[in-house]
Trainee: 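Okay, handing you the structure first.
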Number of protein chains: 2
Amino acid sequence: MKISLDQFDKAFENRIRLQIMSVLVANEYYDFNSLKELLEVTDGNLASHLKALEKEEYITVNKTFVGRKPNTQYTASEKGRTAFEKHLKALENLIRQQKQ
Amino acid sequence: MKISLDQFDKAFENRIRLQIMSVLVANEYYDFNSLKELLEVTDGNLASHLKALEKEEYITVNKTFVGRKPNTQYTASEKGRTAFEKHLKALENLIRQQKQ
DNA sequence: TAAAAGTACTTTGTATTTCAAAGTAACAAT
DNA sequence: ATTGTTACTTTGAAATACAAAGTACTTTTA
């Protein structure tokens with residue numbers, strides 16, 4: 001039987017974006033610097049992956065101040081959560097694959 | 001807590017290779033043409049992904065004849081199976097992620 | 001027996017993706 | 001005034017992905 005590839009979401013193919021999404025699904029929000037530390041990526045790289053997820057409307061951005069410092073918080077949108085779940089299901093289906 | 005990114009295997013980041021591997025783990029072997037049909041990719045593209053997995057020694061190749069036609073069979077190696085399992089565990093860990 | 005077709009590639013060229021590094025804007029602290 | 005911090009954007013280079021075309025070998029068909 002065929003596995004429809006279109007179940008997979010290109011936006012989650014990159015492991016940094018996959019990880020960002022999984023962090024944002026597990027936590028109500030997460031800020032830029034914490035993500036940067038967690039994922040051990042450069043800020044430019046992180047920003048571009050976040051932008052990619054934002055472009056898909058999978059995450060939303062909220063700029064605040066913590067104390068006197070700017071703090072950008074990211075949140076998984078409903079659309080993002082749904083898409084992520086679908087992607088995980090596709091992964092699961094892939095893994096428990098039937099024999100030929 | 002930090003999630004070590006090095007748990008993820010770059011060789012399985014591409015969804016075609018991920019799928020090839022999952023097919024080869026679930027089945028003792030699978031041939032070129034069946035994979036091509038299953039994954040709906042061009043033969044050139046498939047060949048290059050197979051080559052990438054072969055280079056990592058994650059799969060082995062066995063050229064046979066079925067009837068009068070050449071038939072190339074691919075098999076997941078022990079190394080490949082282990083690496084794939086590790087990758088899946090990394091995915092699992094990612095999914096049931098602890099809170100901040 | 002010449003032409004067409006099938007298998008499993010390789011080669012070529014282009015497009016896309018990824019990433020680090022450097023630059024930047026806004027604001028705060030010194 | 002200068003330095004530091006955050007959260008970017010821009011730039012450029014390297015890596016990756018992919019389709020299309022070409023190839024070698026063999027078989028099938030006309």
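Atoms considered below: every heavy atom in the structure, side chains included; atoms not considered: hydrogens, waters and symmetry mates. Letters A, B, ... are given to chains in the order of the sequence lines, protein chains preceding strands, and every chain is numbered from 1.
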Trainee: What heavy-atom pair brings A/Val41 and A/Lys36 nearest, and what distance separates the two atoms?
Mentor: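 Closest pair (atom of A/Val41, atom of A/Lys36, distance): O-CG, 3.3 Å.
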Trainee: Measure from CG on B/Asp31 to C1' on C/dC9 and round the result to the nearest Å.
Mentor: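 After rounding, the gap between these two atoms is 14 Å.
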Trainee: Let me know, please, whether B/Gly44 or A/Lys69 comes out on the 5' side of the other along DNA chain D by nearest nucleotide.
Mentor: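 First, find each residue's nearest nucleotide; the 5'-ward one identifies A/Lys69.
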Trainee: Give the nucleotide from the list C/dC9, D/dT6, D/dC18 with an atom nearest to the side chain of B/Ile16.
Mentor: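 The answer is D/dC18, which lies nearest to the side chain.
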Trainee: Is there a side-chain contact between A/Asn14 and the phosphate of C/dT17, meaning an N or O under 4.0 Å from OP1 or OP2?
Mentor: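 Looking at the OP1 and OP2 atoms of C/dT17, neither is under 4.0 Å from any side-chain N or O of A/Asn14.
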Trainee: Between B/Arg17 and D/dA17, is there a contact of a side-chain N or O with OP1 or OP2 at under 4.0 Å?
Mentor: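 For D/dA17, OP1/OP2 do have a side-chain N/O of B/Arg17 under 4.0 Å.
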Trainee: Taking all atoms of both residues into account, what is the closest heavy-atom pair of A/Ser77 and A/Thr60, and its distance?
Mentor: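 Smallest interatomic distance, heavy atoms only, reads CB-CG2, 4.3 Å.
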Trainee: Between B/Thr42 and B/Asn45, do the side chains contain an N or O donor and an N or O acceptor separated by less than 3.5 Å?
Mentor: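 Judged by distance alone, the side chains do not pair up.
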Trainee: Taking only side-chain N and O atoms of B/Lys63, does any of them lie within less than 4.0 angstrom of OP1 or OP2 on C/dT7?
Mentor: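 So the side-chain polar atoms of B/Lys63 never come under 4.0 Å of the phosphate oxygens OP1 or OP2 of C/dT7.
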Trainee: OP1 or OP2 of D/dC18 less than 4.0 angstrom from a side-chain nitrogen or oxygen of B/Ser48, does that happen here?
Mentor: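 So the side-chain polar atoms of B/Ser48 never come under 4.0 Å of the phosphate oxygens OP1 or OP2 of D/dC18.
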Trainee: Please figure out whether A/Asp43 or B/Pro70 has its closest DNA chain C nucleotide nearer the 5' end.
Mentor: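 Result of the comparison: B/Pro70.
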Trainee: Has B/His49 got a side-chain N or O lying under 4.0 Å from the OP1 or OP2 atom of D/dC18?
Mentor: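 Checking D/dC18 against B/His49, a side-chain N or O does come within under 4.0 Å of OP1 or OP2.
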Trainee: With a 4.5 Å limit on heavy-atom distance, are the side chains of A/Thr72 and A/Asp31 in contact?
Mentor: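 No, too far: nothing below the 4.5 Å cut-off.
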Trainee: Do the side-chain N or O atoms of A/Asn71 get closer than 4.0 angstrom to the phosphate oxygens (OP1, OP2) of D/dT6?
Mentor: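 For D/dT6, OP1/OP2 do not have a side-chain N/O of A/Asn71 under 4.0 Å.
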Trainee: Distance check needed: C/dA25 P versus A/Phe32 CZ, whole Å only.
Mentor: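 Distance check: A/Phe32 CZ to C/dA25 P gives 18 Å.
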Trainee: Which is more 5' along DNA chain D, the nucleotide nearest A/Lys51 or the one nearest A/Glu13? Just name the residue.
Mentor: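 The residue mapped nearer the 5' terminus is A/Lys51.
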Trainee: Which sits closer to the 5' end of DNA chain C, A/Thr42 or A/Phe65, going by the nucleotide each is nearest to?
Mentor: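 The residue whose closest nucleotide sits nearer the 5' end is A/Thr42.
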Trainee: Closest to the B/Ala47 side chain: D/dA7, C/dC9, D/dA17?
Mentor: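 Selected nucleotide (nearest to the side chain): C/dC9.
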Trainee: Take the protein atom CG of B/Asn62 and the nucleotide atom P of C/dT7, then report the distance between them rounded to whole Å.
Mentor: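 The answer, rounded to whole Å, is 18 Å.
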Trainee: How close or far is atom P of D/dA14 from atom NZ of B/Lys10, stated in whole angstroms?
Mentor: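 Atom-to-atom, B/Lys10 to D/dA14, this comes out as 16 Å.
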Trainee: Reckon A/Tyr74 touches a base, only the sugar-phosphate, or nothing at all at heavy-atom distances under 4.0 Å?
Mentor: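 It contacts sugar-phosphate atoms only.
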Trainee: Can you check the B/Phe12 CZ to D/dA17 P distance for me, whole Å?
Mentor: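 So the CZ-P distance, B/Phe12 to D/dA17, works out to 13 Å.
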Trainee: CD1 of B/Ile59 versus P of C/dA8: gap in Å, rounded?
Mentor: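 It is 13 Å, rounded to the nearest whole Å.
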Trainee: How close or far is atom C1' of C/dT7 from atom CG of B/Leu46, stated in whole angstroms?
Mentor: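 Those two atoms, CG and C1', are 12 Å apart.
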Trainee: Checking side-chain polar atoms at under 3.5 Å, does B/Tyr58 have a donor or acceptor matched by the opposite partner on B/Asp9?
Mentor: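 Side chains of B/Tyr58 and B/Asp9: pair found under 3.5 Å.
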Trainee: Rounded to whole angstroms, how far apart are CG on B/Leu18 and C1' on D/dA17?
Mentor: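 Taking CG of B/Leu18 and C1' of D/dA17, I get 16 Å after rounding.
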Trainee: Could you check which of D/dA19, C/dC19, C/dT7 has an atom nearest any side-chain atom of A/Asn45?
Mentor: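 Closest nucleotide to the A/Asn45 side chain: C/dC19.
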Trainee: Look at all strands and tell whether B/Lys36 reaches a base, only sugar-phosphate, or nothing, counting heavy atoms closer than 4.0 Å.
Mentor: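 Nothing, no nucleic acid heavy atom in range.
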Trainee: Would you mind reporting whether A/Glu28 and A/Thr75 have side-chain heavy atoms less than 4.5 Å apart?
Mentor: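 They are not in side-chain contact.
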